[in-house]
Protein chains: 4
Amino acid sequence: MDAGMKIKAAAIDLFARDGYAATSIRDLARAVNMTNAGIYHHVTSKEALLADLMRVGQLGLIDATDRLLAHRPAPADRLAVLIGSLTAIHALNPMTTRVMDGELRSLTPGSSARDEIIALRDRYEDRWRTTLAEGADQGDFRIPDQRLTRLALMAMCTGTSEWYRPDGDASLERVCAEFVAIGLASVRSRVQVSMRLDLSLLPDYPWEPHVDPRVDPAGRHPIR
Amino acid sequence: MDAGMKIKAAAIDLFARDGYAATSIRDLARAVNMTNAGIYHHVTSKEALLADLMRVGQLGLIDATDRLLAHRPAPADRLAVLIGSLTAIHALNPMTTRVMDGELRSLTPGSSARDEIIALRDRYEDRWRTTLAEGADQGDFRIPDQRLTRLALMAMCTGTSEWYRPDGDASLERVCAEFVAIGLASVRSRVQVSMRLDLSLLPDYPWEPHVDPRVDPAGRHPIR
Amino acid sequence: MDAGMKIKAAAIDLFARDGYAATSIRDLARAVNMTNAGIYHHVTSKEALLADLMRVGQLGLIDATDRLLAHRPAPADRLAVLIGSLTAIHALNPMTTRVMDGELRSLTPGSSARDEIIALRDRYEDRWRTTLAEGADQGDFRIPDQRLTRLALMAMCTGTSEWYRPDGDASLERVCAEFVAIGLASVRSRVQVSMRLDLSLLPDYPWEPHVDPRVDPAGRHPIR
Amino acid sequence: MDAGMKIKAAAIDLFARDGYAATSIRDLARAVNMTNAGIYHHVTSKEALLADLMRVGQLGLIDATDRLLAHRPAPADRLAVLIGSLTAIHALNPMTTRVMDGELRSLTPGSSARDEIIALRDRYEDRWRTTLAEGADQGDFRIPDQRLTRLALMAMCTGTSEWYRPDGDASLERVCAEFVAIGLASVRSRVQVSMRLDLSLLPDYPWEPHVDPRVDPAGRHPIR
DNA sequence: CATGAATGAGACTTCATTCAT
DNA sequence: TATGAATGAAGTCTCATTCAT
């Protein structure tokens, strides 16, 4: 692995565990066995590093989602894909997604980097918005409050990054299926859907450790 | 309001918005129109302040939950109360609950304060654990993976603090009812429940602003 | 004991043990069970408190010395008294003398308080200077370097405050006798002297605890 | 001189003159023309700096003493070496020895650094203890109270750092000889000793200024 | 007398970052 | 590339002291 990627891998790990603000360049340097100053040969600034990770993260999410949505016109199908993929991506990339979901506030307000990430996030959320709207318009869904439904379902999916363990009882497939069922139920979908998610289409974040987030072995809520 | 409470109110606000690590004592002092040093007349240390907020927060959550669970032996009833109250508390106290849910990592590992908060959190989660277990044992619920179910449902409820707006379309009552329905469905409850939550039994955090978390006025996912 | 004296007693203890610079008003207040601000009803300032202790200490030393020297014209007699009394005062008032000997540097340079203490110290040392000079002039002593002799002897006497223990093997009387012998030997005194020190003429510092300085029970050099 | 040593030289000077507690990192930085933060590139912490100085100081003292004691079995000889070397080291390194002798209390109680320094000090004092004990056992010395004798003699020797001036009347050689004579007299040594101290075996503290401690030009007791 | 509250200054230390080598 | 050295700003917290109550 080249130095730049090693830095990103360490950064994702530290940012996800301790938070961006609580992670110092020194911590990062120590984690990759480098000098404080050495980091700056591969990284413009601490904030640019965070922005890079978030940008690539969001782009990967959008690309994967669009690939998976292709040729699926039915709203119920599309909603199933949105739920399943968002859940799987969070389960498989807990570090990256925690940073993506939780560190937007660490980007300087007004900076172009922040505006860019917000725009990407909005672009992603549009897939949800339009899917719910079309489902409602076409009579496939019955949704009293679309915003509420969207946010609650997304929270359920993204929450996965906080607790999912590949070595736990539930297979990822089952978790996704369960969440899809819940989602379709909560929009009173007329049709049921049996989704099969092609995991190979999910984004691959090269810095993601593919190691589970630390979880209390007693099975309690993860300590974070 | 006395100075100590004003400090706590400002602290909850800043910790929830910017995070504990990104909030400086100077920020806090500025927010309450005090000197840097004046803060320390009312607070032992920045970390002790966080621990205080979290401790009282957790105790309030546990007390309220136990009051609401009293005299409700049926698992379906109990689960409905757990879901409804956790949701309502997060909706009504978004600042306090965000700090409670997200800043455990900011307490020094090994410190007694951290251990105490973890113990309180575990005590609360026990209500969920036993409820699901009893429901499964008595045949009221059918749950393939109790841990999965518990964590997913809790994530859905706690997520409320990130997006709920009292002035939105959905009333809090409806959100709770919806979540209870989802929860009962996801455990395949034999019985349905129509819950009526007595809001006056919920905890009252004197520092909670009772002002909505900042939400992007365009109705998009909250910025955090 | 009135409050003012309780404060002085605590101050001598803390200043002697931890040093003036390392002792805070808060430490002092805690030691006397008072508020931080309460101290200032009895004391002008931290530095004035130190100056008071040192002034009274020096005056007591001078007065006692002069009383003991009265009616003793012979240089050997006078030197014996100087050695014996300085030793005894340090042995019996270790806290006060440590502060007197070691905290002059803590008085603001150029302040009138500091100048006053320096003048008192010089006045005391004059007794030594003139005694050694007269002894040499009158042929009673043979001293190659009077300054050297004076400073070495005084260092020996004052060192007592660092290690003397009333419950040790050597009685104070024997220590004094021994030191007197060493002193007379080091000035090649023609005459020997058998001194009997009237302890009742020594100064009584009302704040001095009359408790021994803490000494390593293994008998090693005192820790501080 | 490299920066680290310049810092140590300035630290010894300031610690000796003003005391560790009264010396701020800013004072130190100013003395070496550096930024406050620059100091921390060379030093772990203020206390670690003090501990380093004291550790090297004690090790140098022990090493030099052992080298000088080698091949000198006779107690009288050994005592002469102990007195002479301790005196010379204090006379020639007044700054370092003042810090060594007076700042033990500034090391945090219970810290490993403090325990280490105490152990080294005890190791050094063992040379005195055993020498006096052997001299008494073998009938060469007659000592009523060994602890008293040891502490008094050591106080006399270490006191040198407070007043010795190389430009004064008395040569260092003469001071040492005088103190040795006093010491042998005070233990009633049967044999006399004419010691010749090889100064090149004494420790060389690279930070010691080799400038005399500040002395009141009027020749009075040093101001400290 | 005593205290709770407050403060400006300054304590030690870490921060992200730069730059000559 | 990499690093040792350096820095201005800022971090948390304590200082001696004052003052209204």
Side-chain angles (χ1 to χ4, degrees), chain A residues 2-4 7 20-29 32-50 108, chain B residues 2-4 6-7 20-30 32-50 108, chain C residues 2-4 7 20-29 32-50 108, chain D residues 2-4 6-7 20-30 32-50 108:
Chain A
D2 73 316
I7 291 176
Y20 171 83
T23 301
S24 75
I25 288 284
R26 231 181 280 274
D27 293 333
L28 192 50
V32 297
N33 236 51
M34 250 189 215
T35 316
N36 215 341
I39 297 287
Y40 282 88
H41 277 278
H42 305 274
V43 154
T44 306
S45 76
K46 193 187 161 194
E47 188 166 346
L49 171 58
L50 173 62
T108 307
Chain B
D2 75 317
K6 249 176 58 183
I7 291 176
Y20 172 83
T23 300
S24 76
I25 290 284
R26 227 182 290 274
D27 293 335
L28 191 51
R30 194 180 312 119
V32 296
N33 234 50
M34 249 189 213
T35 320
N36 218 338
I39 297 287
Y40 282 90
H41 197 73
H42 305 274
V43 153
T44 305
S45 75
K46 192 187 162 194
E47 188 165 346
L49 171 58
L50 173 62
T108 306
Chain C
D2 74 316
I7 290 175
Y20 172 83
T23 300
S24 75
I25 289 284
R26 230 180 280 275
D27 293 334
L28 192 51
V32 297
N33 235 50
M34 248 188 215
T35 316
N36 214 344
I39 297 286
Y40 282 88
H41 277 276
H42 306 272
V43 153
T44 307
S45 75
K46 193 186 160 194
E47 188 165 347
L49 171 58
L50 173 61
T108 306
Chain D
D2 74 315
K6 251 176 57 184
I7 290 175
Y20 171 83
T23 300
S24 75
I25 290 284
R26 227 183 289 274
D27 293 334
L28 191 51
R30 195 180 310 119
V32 296
N33 234 51
M34 247 188 216
T35 320
N36 217 339
I39 297 287
Y40 282 90
H41 198 71
H42 305 273
V43 153
T44 304
S45 76
K46 193 187 163 195
E47 188 165 347
L49 171 58
L50 173 62
T108 306

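Reckoned from all heavy atoms, side chains included, excluding hydrogens, waters and symmetry mates. By convention in this document, chain letters (A, B, ...) are assigned in the order of the sequence lines, proteins followed by strands, and residues within each chain are numbered from 1.
- Taking only side-chain nitrogens and oxygens, T35(A) never comes nearer than 4.0 Å to OP1 or OP2 of dA2(F).
- The CG atom of N36(D) lies 9.5 Å from the CZ atom of R30(D); values are rounded to the nearest 0.5 Å.
- Of the candidates dA6(E), dT17(F), dA9(E), the closest approach to any side-chain atom of I25(C) belongs to dT17(F).
- Map E47(A) and N36(B) each onto its nearest nucleotide of DNA chain E; the residue landing nearer the 5' end is N36(B).
- Base pairing in DNA chain F yields stems of at least 3 consecutive Watson-Crick or G-U pairs, both distances under 3.5 Å, namely E:2-21 with F:2-21.
- To the nearest 0.5 Å, atom CG of residue L49(C) and atom CG of residue L28(C) are 6.5 Å apart.
- Taking atom CD1 of I39(B) as the reference point, atom C1' of dT12(F) lies 12 Å away to the nearest angstrom.
- Between L49(A) atom CG and dA16(E) atom P there is a gap of 12 Å when expressed in whole angstrom units.
- Remark: C1' of dT1(F) and CG of D2(A) are 13 Å apart, rounded to the nearest angstrom.
- Nearest-nucleotide assignment on DNA chain E puts the 5′-proximal partner with D27(D), out of D27(D) and Y40(A).
- Taken from CD1 in I7(C) to CG in D2(C), the straight-line distance is 9.0 Å, to the nearest 0.5 Å.
- Contact annotation: H42(B) side-chain N/O to dG4(E) OP1/OP2 distance is not under 4.0 Å.
- For S24(C), no side-chain nitrogen or oxygen approaches OP1 or OP2 of dT14(F) to under 4.0 Å.
- Judged by distance alone, with hydrogens and angles left aside, the side-chain atoms of S24(D) form a donor-acceptor pair with the main-chain N or O of R26(D) at under 3.5 Å.
- Atom CG in L28(A) sits about 14 Å away from atom C1' in dT17(E), given to the nearest Å.
- The nearest whole Å value for the distance from the CZ atom in R30(D) to the P atom in dC12(E) is 11 Å.
- T23(B) comes within 4.0 angstrom of the backbone, heavy atoms only, and of no base.
- Taking all atoms of both residues into account, the shortest heavy-atom contact from D27(C) to A22(C) is OD2-O, 3.8 Å.
- Counting only residues at least two apart or in different chains, side chain to side chain donor-acceptor pair (under 3.5 Å) contacts with residues 38-47 of chain D comprise E47(D)-T108(D).
- Residue order along DNA chain F, read from the 5' end via each residue's closest nucleotide, puts M34(A) first among M34(A) and Y20(C).
- Side-chain N/O atoms of R26(C) include one lying less than 4.0 angstrom from OP1 or OP2 on dC15(F).
- Within the 4.0 Å cut-off from OP1 or OP2 of dT3(F), not a single side-chain nitrogen or oxygen of H41(A) is found.
- Out of dC19(E), dT13(E), dA16(F), the shortest distance to the side chain of K46(D) is found at dT13(E).
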